[in-house]
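Chain identifiers are assigned alphabetically (A, B, ...) following the order of the sequence lines, protein sequences preceding nucleic acid strands; residue numbering begins at 1 within each chain. The figures that follow rest on heavy atoms only: side chains count, while hydrogens, waters and symmetry mates do not.
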2 protein chains.
Amino acid sequence: MEKVHVSLKDLAKELKISISSVSRALKNHPDISPELAQKVQELARQKNYKPNPYAIRLLKHESKTIGIVIPDIVTYFYASVISGIESYTKEKGYSIVISSSQESYQKEQNIIENLLNLRVDGLIVCLSQETADYKHFDKILEDNTPLVFFDRVCRTSEISSVVADNFEAARNVTRHFYENGCTRIAFINGPNHLNISKERLAGYIEGLKDCGLKISNDLLASCNMTPEGAKVATQKLLALKVKPDAILSINDTVAFSAMKEVKRRGYKIPDDIAFVGFTDEFHASIVDPELTSVMHPTFEMGQEAARLLINQLESKTPGTPRQVVMKTTLVVRDSSIKKQKK
Amino acid sequence: MEKVHVSLKDLAKELKISISSVSRALKNHPDISPELAQKVQELARQKNYKPNPYAIRLLKHESKTIGIVIPDIVTYFYASVISGIESYTKEKGYSIVISSSQESYQKEQNIIENLLNLRVDGLIVCLSQETADYKHFDKILEDNTPLVFFDRVCRTSEISSVVADNFEAARNVTRHFYENGCTRIAFINGPNHLNISKERLAGYIEGLKDCGLKISNDLLASCNMTPEGAKVATQKLLALKVKPDAILSINDTVAFSAMKEVKRRGYKIPDDIAFVGFTDEFHASIVDPELTSVMHPTFEMGQEAARLLINQLESKTPGTPRQVVMKTTLVVRDSSIKKQKK
DNA sequence: AAGCTTTTCGCAAACCTTTGCGGAAAAACA
DNA sequence: TGTTTTTCCGCAAAGGTTTGCGAAAAGCTT
């Protein structure tokens with residue numbers, strides 16, 4: 001049951017040469033004669049020699065590993081971003097270690113501490129929903145461990161990040177609603193302290209202004225972005241004397257849940273209430289009616305975050321933090337196009 | 001920009017004692033006087049000493065890391081299983097390194113080789129769709145690296161695995177259809193060489209026999225489990241002279257896509273065609289009508305796979321391979337209950 | 001043939017930790 | 001006081017790799 005790996009020493013002993021010669025021979029160092037190099041490489045292949053990465057990491061002080069902290073791995077958005085991260089890091093020869101905070105501030109802190117103790121070369125983080133203070137990132141900065149945020153971000157003046165064009169996207173959606181005959185446009189938002197909530201809210205408001213629509217607190221609801229929370233928020237909106245004729249949702253999952261509740265109450269989508277979501281996950285085109293959604297380039301966001309991080313940790317100089325804003329596009333489907341405009 | 005971590009040597013120098021004493025003091029070894037231990041621990045805390053995991057791994061020949069190989073991380077089922085693996089391994093002090101094969105045999109091989117070179121302590125694998133020969137697992141076995149399969153498995157007589165009760169589940173679904181008035185029950189299956197396909201097909205056939213229904217090749221379609229593949233398979237079924245009145249799908253994603261196509265053609269679900277899927281992902285209750293599905297205990301499957309693996313690698317003896325079969329339950333929703341039985 | 005350059009390889013330190021063993025000093029005992 | 005035990009700590013090896021430097025051997029020049 002014992003794993004037994006051959007080491008440089010084993011090869012050296014067998015060939016009756018020194019360890020350093022074996023090491024050099026394997027990488028075609030000019031100090032080694034071609035004949036010896038040949039012989040060493042032959043034996044190495046035959047005995048299936050693979051360098052022990054832990055010895056190298058110990059020596060080089062780098063792990064070729066990056067840590068990823070996300071709120072939840074089962075959510076389409078995060079899984080897809082991870083997929084992009086994985087694609088870029090694999091290409092660059094890095095491994096990824098993934099931990100999920102389950103939206104818990106406490107767990108987020110623990111995870112980060114663990115990852116730091118693991119000596120990852122860098123971190124890519126999406127804040128948990130509970131996270132409202134950001135002191136625990138001081139440790140990372142003091143450690144000189146490169147860090148990149150995506151989607152839910154903070155301290156952007158010090159730390160690089162990748163986000164969507166939330167403001168513009170929300171503003172566009174609001175106009176899109178208006179152009180399709182909606183005048184009472186509601187917004188089911190996420191927790192107020194998150195940047196995505198703030199930015200999308202600001203865009204929503206700006207869009208209302210653009211269209212000359214009144215801003216009404218009645219039409220604003222927030223939720224914790226769970227299906228249950230979305231349902232409650234929807235019920236609040238449906239309880240209004242004058243009901244909304246459109247609902248913008250902070251993400252697709254919330255939209256799905258809200259749509260379900262709206263249909264259950266007997267309203268028609270989109271004629272009674274139009275819908276638009278954020279993310280554009282696969283299921284947006286599966287639900288009935290198909291959901292209009294702000295398409296996020298999730299895979300590319302992951303790649304970009306990884307690129308930012310690896311650039312940072314391969315250039316010795318600290319470099320100024322960068323804020324990458326990814327362009328989204330509105331994918332228009334049935335849920336937002338009223339057949340009978342008022 | 002240089003990361004600087006304090007080592008035992010640093011502490012030793014500062015306290016003018018030997019490295020070994022520092023090491024022992026930190027773990028309250030009886031050879032160290034309480035006063036000295038106190039002093040050392042004090043300094044360690046103050047200077048934020050954290051042991052270098054790579055030095056320990058080098059010494060101990062274990063990495064406290066397990067590798068996970070899955071076809072695709074963006075799929076609900078896999079993400080959810082990973083979530084279960086993560087929960088168990090975190091509890092046991094292991095990290096996980098995730099790689100996805102993207103359903104490619106070639107990539108699967110590369111990944112496994114990489115993970116082995118990384119010296120992970122063990123592997124948890126779900127076969128890619130392309131994988132039809134299993135020689136590349138010899139390397140793992142020769143390496144004495146513990147290995148556990150889940151869902152899509154092979155070589156079960158030599159290698160432990162965690163699977164759902166596919167045969168029973170499919171058989172039950174078939175009966176469920178029959179009890180709800182369906183007599184022409186179709187099955188959109190996955191690739192024929194996969195165990196999940198074979199087992200579910202066998203259960204489906206057995207169920208037909210139970211109900212005294214004829215087995216017809218016309219009612220069998222297979223696909224590559226993508227939405228597009230599912231669409232094509234559905235079209236084949238809808239092209240029959242006598243159409244099916246029920247469709248069992250190899251998973252929910254396939255069911256969603258098939259439902260979409262069926263609705264697009266103007267058929268009513270469930271009255272014209274009833275539906276049941278496998279997995280029971282979140283969206284099963286979001287689509288319209290809500291999808292009846294075989295609920296897999298995904299999270300628990302992940303936990304179980306992790307438990308199997310860690311047991312195996314913590315007990316020095318090889319132990320006999322175990323096959324864990326997880327019980328599923330049929331979650332009945334609207335898609336399979338016809339309002340008007342024939 | 002003597003001196004010089006080039007080629008080819010080995011020694012040893014370094015990265016950080018754990019641990020068996022030995023040794024000195026202190027304490028306990030006779 | 002002399003001897004034995006106990007307490008407390010350090011030495012050194014081990015794990016596998018990389019790399020600066022020194023040294024031997026071979027080749028070359030004149």
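Closest non-hydrogen pair, B:S161 versus B:V153, comes out as CB-CG1, 3.8 Å.
Of all nucleotides in DNA chain C, those with any atom nearer than 4.0 Å to a heavy atom of chain B start and finish, going 5' to 3', at C:dC15 to C:dC21.
Whole-Å rounding puts the B:E62 CD to D:dG15 P distance at 16 Å. Computed from coordinates, the B:Q38 CD to D:dC8 P distance equals 15 Å when rounded to whole Å. Between the C1' atom of D:dC11 and the NZ atom of B:K9 lies a distance of 15 Å, rounded to the nearest Å. Atom P of nucleotide D:dC11 and atom CG of B:L8 are separated by 15 Å, given to the nearest angstrom. At whole-Å resolution of the value, NE2 in A:H5 and P in D:dA14 are 21 Å apart. Following rounding to the nearest Å, B:K16 (NZ) and D:dC8 (P) show an atom-to-atom distance of 23 Å. Following rounding to the nearest Å, A:D10 (CG) and D:dT17 (C1') show an atom-to-atom distance of 13 Å.
A tilted orientation is assigned to the rings of B:F150 and B:F77, their planes being inclined by 30° to 60°.
Formation of a donor-acceptor pair under 3.5 Å by the A:H5 side chain with backbone atoms of A:P51 is not found in this model. Under a 3.5 Å cut-off, the side chain of B:D151 and the backbone N or O of B:V163 do not form any donor-acceptor pair. Although no hydrogens or angles enter the test, the distance criterion places no donor-acceptor pair under 3.5 Å between the side chain of A:R307 and the main chain of A:Y88.
Looking at which nucleotide of DNA chain D each of B:P30 and A:A55 is closest to, the 5′-most match is held by B:P30.
Listed by first and then second residue, the side chain to side chain donor-acceptor pair (under 3.5 Å) pairs involving residues 68-86 of chain B are A:S100-B:E86, B:D72-B:T75, B:Y78-B:R152, B:S80-B:T298, B:E86-B:K90 (not counting sequence neighbours).
Aromatic rings of B:Y134 and B:Y105 (six-membered ring for Trp) have centroids beyond the 6.0 Å cut-off, not under it.
At the heavy-atom level, B:L58 lies under 4.0 Å from base atoms of the strands shown. Contact annotation for A:L59: base contact, defined as any heavy-atom pair under 4.0 Å involving a base atom.
Checked by atom type, the side-chain pair A:S101/A:S104 shows no donor-acceptor distance below 3.5 Å. With hydrogens and angles left out, the side-chain atoms of A:E142 and B:N48 include no donor and acceptor closer than 3.5 Å.
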In B/S/- notation (B base, S sugar-phosphate only, - none; protein heavy atoms under 4.0 Å), nucleotides 19-27 of chain D written 5' to 3' is BBB------

